[in-house]
Amino acid sequence: MKIFVDTAKLSEIREAISWGIVDGVTTNPSLVKKAIGEEKEDTKLEDYIAEILKVAGKTRPVSLEVMGLTAEEMVREAEILYEKFNDIANNVVIKVPINTYKGYYEGLKTIKTLSEEGIPVNCTLIMTPEQALLAAKAGARYVSPFAGRIDDYLREEKLNMKKGVDFKKHDYYPWDGKGVDDNGIKSGSDLVEKTVIILENYGYDTEVIASSIRNPRQVREVALIGAHIATIPFSVLEKMLLHPKTKEGIEKFSEDAAESGYERLFS
Ligand code: E4P
């Protein structure tokens, strides 16, 4: 499974790349806002984005999202972003929401136009496999089913659990085999699985990016399912490395190395 890092923070992108595990980067307007708040300093937004593209380099696609609500606006913005930034490292992918409140079909029209122009699209805010199928058919290079937000939705809408009170972002919500089932979707991972199966049934080149990942267990589940890519926040990447027995093991090795004079081997 390819791993994208789901952040606009340069420090996190650099660090994750240094671990040798990053195949791409996804950003959205909320992540850009967060990054600017935390680390932009006095850099112009254009320069900050240019730096993300440089750091990611030629081999790692970077998704940049449009903000318009009509196909006309989104195509225009996508062309501007592509023209302004793609020459830096030839790695820009345009993120387009599957639909907007200005019209259900605007996302599809945008994907069709951009893919005909040769601009790669990551279709975002996918909440059903049917949306993903239409996006793939319209020419999307990637589709991004939002696993975490679907788990939130199932818990809020169907279980009447209060966000941040009855469950927190890092909580895991499993399907109990009977309870919650939203029109055939039982969990965020289930959304990802059904999306992968449908696209593979028909041989689409479109890759499925398991998105809105909140915890390591979701990463494991989407990897087992065969998601082509998971885009993972830096904090979840860190958590994927943690286990109390690993910590205990390294403490014991260090202690025993000190007591046995093992460190003299390295002098
Ligand atoms: C990535 O492409 C998405 O924008 C991101 O994963 C959304 O995550 P969130 O639901 O935690 O905001």
Side-chain angles (χ1 to χ4, degrees), residues 1-9 12-13 16 22-38 49 52-53 56 60-67 74 77-78 81 91-100 107 110-111 120-128 131-132 135-136 140-157 163-164 167-173 182 185 187-192 195-196 206-219 221-223 225 227-240:
M1 183 173 71
K2 284 186 263 187
I3 289 182
F4 287 4
V5 61
D6 195 19
T7 181
K9 281 174 79 173
E12 292 182 342
I13 296 168
V22 178
D23 301 295
V25 179
T26 51
T27 72
N28 63 35
S30 310
L31 293 172
V32 170
K33 181 178 160 211
K34 196 166 168 220
I36 289 169
E38 290 174 24
I49 289 174
I52 292 176
L53 297 166
R60 297 185 189 90
V62 178
S63 294
L64 302 176
E65 190 156 340
V66 290
M67 53 173 282
M74 289 191 278
E77 291 166 6
L81 286 174
N91 56 357
V92 171
V93 172
I94 302 296
K95 235 185 186 187
V96 175
I98 181 65
N99 71 48
T100 60
T110 309
I111 295 165
V121 172
N122 170 1
C123 183
T124 193
L125 285 168
I126 294 283
M127 305 296 168
T128 70
Q131 291 177 326
R141 173 80 190 76
Y142 304 95
V143 286
S144 291
F146 273 38
R149 290 199 200 183
I150 281 299
D151 279 343
D152 292 348
Y153 174 73
L154 291 174
R155 284 179 289 195
E156 284 168 42
E157 295 286 316
K163 199 170 182 172
F167 72 94
K168 312 254 183 322
K169 251 198 163 184
H170 57 263
D171 284 348
Y172 176 75
Y173 170 69
D182 182 64
I185 298 298
S187 69
S189 304
D190 189 43
L191 164 67
V192 174
T195 303
V196 170
T206 311
E207 288 184 282
V208 176
I209 308 180
S211 304
S212 185
I213 295 286
R214 306 285 167 72
N215 51 58
R217 185 162 162 173
Q218 278 173 332
V219 178
E221 288 193 347
V222 300
I225 284 159
H228 308 122
I229 303 162
T231 189
I232 307 176
F234 187 75
S235 59
V236 175
L237 288 173
E238 286 180 316
K239 286 197 190 108
M240 285 166 69

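In each ligand, atom 1 is the first atom listed, and ligand 1 is the first ligand listed. In this text the structure is predicted, and so the values were computed from the model without any measurement.
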Side chain or backbone, does [X] bring an N or O within less than 3.5 Å of an N or O on ligand 1?
X: Asn122; value: no
X: Thr124; value: no
X: Thr27; value: no
X: Ser144; value: no

Exercise. Can you list the atoms of ligand 1 that are under 4.0 Å from a heavy atom of Arg149?
Worked result: 7 (C), 9 (P), 10 (O), 12 (O)

Problem set entry | Atoms of ligand 1, numbered as shown, that sit under 4.0 Å from any heavy atom of Lys95 | 1 (C), 2 (O), 3 (C), 4 (O)

Among all the protein's non-hydrogen atoms, which is closest to [atom], and how far away is it?
atom: atom 4 (O) of ligand 1; value: Asn28 ND2, 2.7 Å
atom: atom 6 (O) of ligand 1; value: Asp6 OD2, 2.6 Å
atom: atom 11 (O) of ligand 1; value: Arg214 NE, 3.2 Å
atom: atom 8 (O) of ligand 1; value: Ser212 CA, 3.5 Å
atom: atom 7 (C) of ligand 1; value: Phe146 CE2, 3.7 Å

Seminar exercise, completed: Tested for side-chain contact (heavy atoms from CB on, under 4.5 Å) against Arg60, the lone hit among Asn91, Val22, Asp23, Leu53 is Val22

Problem set entry | Name of the residue among Ile3, Thr26, Val222, Val5 meeting side-chain contact (heavy atoms from CB on, under 4.5 Å) with Ile232 |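 When side-chain contact (heavy atoms from CB on, under 4.5 Å) is applied between Ile232 and each of Ile3, Thr26, Val222, Val5, only Ile3 qualifies.
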
Exercise. CD/Glu221 to CG/Asn215 distance, rounded to the nearest 0.5 angstrom?
Worked result: 8.5 Å

Does any non-hydrogen side-chain atom of [Y] lie less than 4.5 Å from one of [X]?
X: Arg214; Y: Asp151; value: no
X: Asn28; Y: Leu31; value: yes
X: Ser211; Y: Phe4; value: no
X: Lys2; Y: His228; value: no
X: Val32; Y: Glu65; value: no

Exercise. Measuring from the heavy atoms of Glu65, does anything fall under 4.0 Å of ligand 1?
Worked result: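 Contact check Glu65 vs ligand 1: negative.
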
